[in-house]
2 protein chains.
Amino acid sequence: MKRVTIHDVAEAAGVSLATVDRVLNGRPGVRKGTIEKVRQAVETLKYQPDSFAAGLAKKSRYRFQFLLPDGPNAFMEDLTREALAHAQTMSGDRLQVHVEPIDAFDGHRVAGTLAILDRTVCDGVAVVAPAFPEVRAAIDRLQARGVPVVTLVSDHPASTRQHFVGIDNYAAGCTAGRLLGRFLPEAPGKIGFIAGSLGLRDHADRYAGCQKVLAEGFPHLELLKVREGRDDNDRNEKLVATLIAEHPDLAGLYNIGAGNRGVAAALVNAPRAKQIVFVGHELTPYTHDALQSGIMDAVIAQDPGHEIRSAIRVLKALCDGRPIIDGQERIRIDVFLKDNLPRLDGS
Amino acid sequence: MKRVTIHDVAEAAGVSLATVDRVLNGRPGVRKGTIEKVRQAVETLKYQPDSFAAGLAKKSRYRFQFLLPDGPNAFMEDLTREALAHAQTMSGDRLQVHVEPIDAFDGHRVAGTLAILDRTVCDGVAVVAPAFPEVRAAIDRLQARGVPVVTLVSDHPASTRQHFVGIDNYAAGCTAGRLLGRFLPEAPGKIGFIAGSLGLRDHADRYAGCQKVLAEGFPHLELLKVREGRDDNDRNEKLVATLIAEHPDLAGLYNIGAGNRGVAAALVNAPRAKQIVFVGHELTPYTHDALQSGIMDAVIAQDPGHEIRSAIRVLKALCDGRPIIDGQERIRIDVFLKDNLPRLDGS
DNA sequence: CTGTTAGCGCGTTCAT
DNA sequence: ATGAACGCGCTAACAG
């Protein structure tokens, strides 16, 4: 039951270690015939390269930059926390993760941050990409300079980014719509929409999905015009307050972006607070409590821990030219009700 | 930016490599003073042990046995597939995963399979533990022999197993109850329950959770007596057929265990098929389609891929005495509606 | 109690 | 086109 090494393969093939190595790593300088003999030996011996030895020998290291929005957004804070946590854990595995805070609303600054990156300082970049054209350009140039880039949470499909780590926001919107439609009685009622900005691609996608499901499946519901609050709690609170005032028969509310706290604040002050079905995004300490207390009825979420780990795996695979296992990297659209909340201590 | 090695630490502390190693690995034979000097050096140099080198040097290997039920259960098949997939992928990381099929309904056979395991052939085992006392005893004896054991999917809390990898089935039942209650109109109606067997702990837990939520939150619903179909499609079909016949006003149906296919078969033949809210467990090709077609309304699930990976991580940590990061290993209770289904190709 | 030394399996020169 | 030899950073056995 001993481990088979290149030695065994070399012996079986009647060649030397170096030759086996060349074949295994597809390097030139080996005759067709020899290369085939080695392949045979590998097959019959079921040789599996030892990743520990390989990792040690080629003193490779992975330096990844994560550009994550700062600001008072609980989800982004989670994402940052996870990234930093993994920077710790994985530093023994020769991978360094640097988190660079960015202002997601300042496209030029983000582009500038991307512009100074380089093969010499960084082997891969993950960025929560705001939808500015200059950001797209910066991503493309970074890629052209040979640094693999993945987008995180918010995609830039038109760019040359290698991969997107995040959820299908259209489907997420559909899910929100279905929950709203089915939680409400089959009776006329109005649905209010709050978004950060429909200029943000993820918000627009969610909105579209939700609208489609409600229009198709629940025609008795009237969909109100979406209002934009820039993911800000105070703005959202005012928006919702006026919404409730203008529509006393409001039945449901979908907060497409962040700022659930503001929405809830307005809601609890409303007369029919607990009757209004409220669906929002991302599991944070706040939405957690809101679900428990019954202020929120459902939360659609994506797991920041999974996303960070996926981004790292993908970037690593990109660095050493391995294929990406798509099924493995798909980020799930989580649905939380008050009953299936994870405890909040761990990830 | 060079990597700091034990050499650097040794030099800084004025001791030799071996001493540093002793301190780092908590081995005896070092004076208090020396041990402190080394600690200091480690701190100031921010030394991080290189896991590749360590892995190579201590030619450790992890041989894990996974005892998974065979039989025509799509979820268990998924679990097995994932385990085998990882056996492939990770074999370069010195970890061998053997999958041993077991008959979950034959406690003696399972106990027998556990009984022949041993430190000499296996460094850890993960078992989908059926709730027989002889299984519990076998787990305890295995542990006593020094082989760490984790239970998978189905727990045995009274045993000495080190860890349980799976979901909180009580909470899962609550979630199912909430979904049923909220999807149904606030009007009188009956809820039917199908289980594999309430002798199975996970089924009993789910049932309890669901009952509690429905009783507390939706008192207008009448809960029918649970019927047991041993997770068998044919039995389930007959049970549901008679259920529908006896209760023309059946409003909802909760299939606590497997065999959704049988339940659905009976359902589609019923007059009010699409009106009955049907909630079940586990995402399989069949429940996937049933959600899409509207036969099922929600699926509560656990991700077999996550569970296998978690089991491997935990077993590994157990083997080399590392702590288990609880938050990292918590398995989520997934909720699937027709809108947030993952594509079925990958994990 | 502490230091010295020889590998672990593979990548990477250099020499042939 | 192929082979021999060294070193990656760490552990483990053996000295002292």
Side-chain angles (χ1 to χ4, degrees), chain A residues 1-39 41-42 45-62 90-96 319-322, chain B residues 1-39 41-42 45-62 90-96 319-322:
Chain A
M1 257 331 206
K2 267 201 71 229
R3 208 179 161 71
V4 300
T5 74
I6 39 174
H7 283 89
D8 305 318
V9 176
E11 191 173 355
V15 295
S16 82
L17 302 310
T19 306
V20 176
D21 181 68
R22 291 187 183 97
V23 175
L24 289 173
N25 296 299
R27 273 189 287 267
V30 187
R31 265 195 313 234
K32 281 273 189 187
T34 316
I35 188 171
E36 197 45 46
K37 277 199 300 187
V38 174
R39 283 226 182 296
V42 168
L45 294 188
K46 292 176 181 315
Y47 166 74
Q48 294 279 147
D50 184 321
S51 60
F52 290 93
L56 178 58
K58 69 168 152 234
K59 345 156 224 265
S60 57
R61 42 185 211 162
Y62 307 91
M90 314 282 281
S91 72
D93 302 355
R94 287 227 181 70
L95 99 73
Q96 317 173 0
C319 280
D320 36 57
R322 274 178 299 132
Chain B
M1 253 335 205
K2 267 199 72 227
R3 209 178 161 71
V4 298
T5 74
I6 38 174
H7 285 88
D8 305 318
V9 177
E11 191 172 355
V15 296
S16 81
L17 300 310
T19 305
V20 176
D21 181 67
R22 289 189 183 97
V23 174
L24 289 172
N25 296 300
R27 273 189 286 264
V30 187
R31 260 196 317 231
K32 281 273 188 187
T34 316
I35 188 169
E36 197 45 47
K37 279 199 299 185
V38 174
R39 283 227 182 295
V42 167
L45 294 187
K46 292 174 181 312
Y47 166 74
Q48 296 281 146
D50 185 319
S51 60
F52 290 95
L56 178 57
K58 69 172 148 222
K59 347 160 226 264
S60 56
R61 41 188 212 161
Y62 307 91
M90 314 283 280
S91 71
D93 303 355
R94 286 227 182 71
L95 99 73
Q96 320 173 359
C319 281
D320 34 57
R322 275 177 297 133

5′-ward residue of the pair T5(A)/I35(B) relative to DNA chain C: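 Between the two, 5'-proximity favours I35(B).
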Nucleotide of dG11(C), dA4(D), dT2(C) approaching V30(B) most closely (side-chain heavy atoms):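 The answer is dT2(C).
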T19(B) side-chain proximity, nearest of dT11(D), dG11(C), dT2(C):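 Of the options given, the side chain of T19(B) lies nearest dT2(C).
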Across the strands shown, which category fits [X] at heavy-atom distances under 4.0 angstrom: base, sugar-phosphate, nothing?
{"X": "P28(B)", "value": "nothing"}
{"X": "A18(B)", "value": "base"}
{"X": "D21(A)", "value": "base"}

Atom pair distance, as rounded to whole Å: [atom1] in [X] and [atom2] in [N]:
{"X": "D93(A)", "N": "dC10(D)", "atom1": "CG", "atom2": "C1'", "result": "15 Å"}
{"X": "I6(A)", "N": "dT2(D)", "atom1": "CD1", "atom2": "P", "result": "16 Å"}
{"X": "D320(B)", "N": "dC10(D)", "atom1": "CG", "atom2": "P", "result": "17 Å"}
{"X": "L56(B)", "N": "dC10(D)", "atom1": "CG", "atom2": "P", "result": "12 Å"}
{"X": "H7(B)", "N": "dG7(D)", "atom1": "NE2", "atom2": "P", "result": "12 Å"}
{"X": "K59(A)", "N": "dG7(D)", "atom1": "NZ", "atom2": "P", "result": "10 Å"}

Other residues, nucleotides, ligands: >12 heavy atoms within 6.0 Å of R27(A) CZ: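 Yes, CZ of R27(A) has more than 12 neighbouring heavy atoms, counting only those of other groups under 6.0 Å.
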hbond_proxy R22(A) side chain to dG3(D) base (donor-acceptor, 3.5 Å cutoff):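 Answer is yes: a donor-acceptor pair is held.
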Gap between atom OG of S60(A) and atom CZ of F52(B) - 0.5 Å precision: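 If I round to the nearest 0.5 Å, the distance is 6.5 Å.
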OH-CD1 distance between Y47(B) and I6(B), expressed to the nearest 0.5 angstrom: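 Y47(B) OH to I6(B) CD1: 5.5 Å, rounded to 0.5 Å.
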Which atom of S51(B) lies closest to which atom of D93(A), heavy atoms considered: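 That closest heavy-atom pairing would be OG-OD1, 2.6 Å.
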